[in-house]
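A short worksheet on the structure shown next.
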Amino acid sequence: MGRFFLPFVSWLSFFCILRSFHPMRKRLYSLLSGVLLSFALFAQNSNDDASKTDKGEFSGNFQTNNQFYFRDDKIGANTTQYLHELSSTDAWLFMNYKFKGFSLSARYDIFNNTPLFNPQQAYSNQGIGFWQVSKEIEKVLTISAGYIYDQFGTGMVFRAYEDRNIGIDFAILGGRVIFHPTPNTTIKALTGKQKYRFDVREPIIKGVNAEHLIKINDDLSNEIGASIVNRTLDATTMNNVASVINSYPIEKRFDPKYNVYAYNVYNTLNYKKFTLYLEYAYKTNEAILDQSTTLVNRNGHIYYTSLSYSATGIGINAQFKRIETFPLRTNPLEIQPMPNSAVVNYLPSLTRQNTYRLLARYNAVVQELGENAAQLELTLKPNKKFQFNINTSVVTSLNGIKLSSGLPNIVWDSANRYFAEYYIDMNHKVTKMLKYTLGIQVIRYNQNLFEGKPLAPFVNAITPFGEITYKLNTRRSLRFEWQYMNTNQDLGSFVNGLLEYNVAPHWSFATGDLVNITPGFLNKPKVGEAFEYIHYYQFFSSYTYKTSRFTAAFIKQPQGVNCTGGVCRVEPAFSGFRVTLSTNF
Amino acid sequence: MRMNRLTYLFISAICIFTACKEEPPFINYQPKTSSFDSTYIDAQIPTAQAKGVLLEDITGVSCINCPEAATIAKNIIASNPPGRVCVVAIQPKLQNIVTKPTPETRNDNRTDKGTIIVTTIKEPGSLPRGYIDRKVYAPNPDPTVERLDWPTKVSQQLALTTPVNISLITTYSAGDASFTVDVKIQYTQAVTDSNYLSLVLIEDSVIDAQEYPTYVEKDYVHMHLFRDMLTAPLGDQLNGSLIPGRTFVKRYPYKIPAAYVAKNLKIVAFVHKNTSLKEVLHSVEKDVTE
């Protein structure tokens with residue numbers, strides 16, 4: 001792989017030099033081209049030494065998503081891409097070279113008319129979306145500069161991450177040091193600015209995190225961690241904040257803070273088959289936008305705990321989390337165009353992450369201004385043929401849990417109810433060739449809150465579902481899944497069926513239809529008009545060769561909330577072709 | 001021992017993170033400055049006024065080259081039609097030693113509000129410097145302009161047009177040493193960015209010390225001296241769609257401090273941006289007692 005390195009770096013350096021003519025990026029690209037050229041020369045010298053030593057390791061991956069839009073007013077697929085651009089492309093080429101403790105990474109991003117960052121707009125740009133130079137020194141110290149992805153603990157006070165499926169790239173452009181003073185201790189410190197597309201947001205973020213593992217014996221261990229994160233507003237951002245505050249009535253004005261500090265302490269205690277996790281996070285006062293998008297001066301708290309037990313045939317996990325005014329952003333005014341803009345931390349969702357299409361239709365977006373959330377998961381595997389999964393979760397407002405006689409009671413009224421899910425499935429492996437799943441999900445969903453639809457009534461939905469997989473032979477298999485969602489709210493009831501034919505190891509074909517069979521509150525037909533079934537067809541094929549996968553699909557999907565790990569956004573309906581390619585090398 | 005080192009590292013980190021108490025930005029806790037505030041859209045779109053250029057002279061009494069900068073400002077005013085160039089001389093409180101009073105200084109004329117403006121727009125590395133309509137002139141990286149460049153930059157700005165008209169009426173009451181300013185702002189063209197109105201009170205002929213290269217002039221005549229703001233230091237936002245015909249009518253009352261000489265007071269009004277760009281679109285000036 002080493003022989004690819006020099007041409008690669010030379011090409012990249014040449015590219016950087018070309019790009020350096022852009023005045024705004026001159027310094028960055030000049031610096032990067034210098035570093036890359038140095039690496040190229042360094043690698044050349046290494047090669048000249050008759051390849052007697054380590055030539056390093058080059059690796060990378062590539063992903064592209066291409067969409068071709070077919071306007072369909074019936075389902076609301078009529079955003080700008082359907083009217084003007086008609087197609088869009090997103091692509092990411094990531095490359096990494098490791099050599100004697102050095103690691104050099106770069107990623108070239110291309111966005112052509114993409115709806116990824118704002119589903120209502122078309123965005124086009126391309127360039128180096130990520131670069132990093134890193135050096136590990138004797139496994140004790142690692143120094144990195146460039147764009148950094150990292151998180152402290154669960155990420156509740158700091159998480160720099162990328163989720164390209166929903167247009168999130170919260171890398172930090174700056175520097176980081178990771179120090180291991182003992183094998184069981186890690187101390188991280190970083191500082192920088194948050195990435196915003198091909199630029200950065202001006203406020204400064206810095207943080208320190210320390211974790212230490214105490215292993216008492218094979219049955220008992222304890223890992224403790226703590227973090228401090230500081231965000232400092234720049235003058236322009238603060239001027240905007242101050243201008244907004246100065247426009248309020250005098251009694252609502254307050255002195256906003258340039259600096260906000262977020263602290264957390266967390267502890268994981270492992271005892272035999274039990275694991276107990278406890279975390280507390282605190283945030284100092286700062287200007288935050290409240291429910292009515294008015295700036296208020298608030299501090300914040302998070303209380304989070306989970307207790308799990310895992311043994312042969314059984315697994316139990318119980319979690320609870322309370323968030324009290326904990327939005328932590330690079331800019332307090334930054335909530336548009338998406339609620340998850342400019343976020344410094346990550347607030348995990350305590351609800352089940354469903355995969356079936358209709359089961360994943362309603363998601364509880366984490367409420368950073370305040371929520372109580374609890375989840376109980378139970379997995380039972382009485383023998384090799386059967387497995388049962390039971391899950392229930394509930395999310396309420398901060399006043400949604402009251403203590404009576406020392407016990408918590410859930411207040412499930414219209415002011416406090418946010419979300420509840422009751423889920424059970426059974427997996428039965430009948431023979432080596434046949435297995436099936438049956439289950440049912442019940443959802444309670446505050447659509448007004450989660451999707452900002454003030455007239456939408458509270459959603460009650462019940463969804464039985466199933467899946468059957470039959471192996472025709474060792475290479476070929478058929479899989480059929482179905483769900484039926486019954487609700488009178490939102491867009492009404494849906495039925496979904498999908499038939500999949502797999503030919504291992506290369507081919508996969510699927511076809512399905514999601515049908516809106518009865519109207520709901522939001523799509524009632526006008527008086528005198530009959531409701532027509534609305535079909536959301538899907539035809540899918542994929543070809544996999546080693547580490548590469550090509551897919552082509554014609555898809556129609558309804559509008560809804562798209563979530564990954566509790567980070568969500570409302571997406572409009574989609575109608576069109578989607579072609580993707582992903583590969584690792 | 002190792003744990004002690006860790007504890008030391010972590011405590012050090014905490015200390016670094018909680019350095020010292022920060023100074024908040026300016027938040028106006030005074031009662032509303034404008035006693036009358038109205039907006040409407042006038043069907044009759046007025047003719048655009050000739051653009052007025054704002055020259056903010058960032059100065060200091062210990063700055064030996066500042067008198068020369070004041071002379072340049074005076075010559076710019078003299079060489080242009082009356083009212084086309086408004087000058088405001090701001091004495092900010094900066095770390096820079098030349099902004100500090102001299103031993104001969106009678107009154108410290110530096111103001112907190114002037115300091116907020118300078119630290120927000122761009123704190124100059126050295127004095128004298130100026131902002132010409134608070135605009136960044138490439139290849140300069142920021143809006144501070146060297147004094148010798150003031151004439152050309154002012155001429156450049158005078159050639160532009162303004163999308164907004166500003167009219168001022170001042171009503172002076174000698175009995176209680178107060179005045180009101182009635183401001184009428186009318187848009188003649190659409191503006192997409194948010195706009196702000198700033199009203200600055202300046203005073204001419206203020207006698208106080210000023211340092212020169214070789215001596216200190218004890219009775220130097222300070223002109224266009226920044227005294228106060230009738231609006232917030234960074235302006236009051238003009239709330240409404242900024243389309244042709246949009247009109248704002250505002251009234252600002254002001255009680256004159258005893259130290260100020262009413263006949264030497266002037267109001268400088270300007271409409272400007274206040275986001276990442278601070279550019280001034282138009283400025284006008286009016287005597288308080290006129």
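By convention in this document, chain letters (A, B, ...) are assigned in the order of the sequence lines, proteins followed by strands, and residues within each chain are numbered from 1.
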Heavy-atom pair with the smallest gap, counting every atom of A:P256 and B:P24: O-CB, 4.1 Å
Heavy-atom neighbours of A:K215 NZ exceed 12 at 6.0 Å: no
Any residue meeting ring-ring contact (aromatic ring centres under 6.0 Å, His included) with B:Y131, in chain and number order, not counting sequence neighbours: none
Closest contact, heavy atoms only, B:E22 versus A:K257: OE2-CA, 3.1 Å
Under the salt bridge (charged side-chain N to carboxylate O under 4.0 Å, His left out) test, residues paired with B:R134 that sit two or more places apart: B:E56
Chain B contacts, top residue of A:E202, A:M238, A:E251 (heavy-atom pairs, under 4.5 Å): A:M238
Rounded distance (nearest 0.5 Å) linking atom CD1 of A:I245 with atom CD1 of B:I27: 4.5 Å
A:K195, NZ: over 12 other non-hydrogen atoms inside 6.0 angstrom: yes
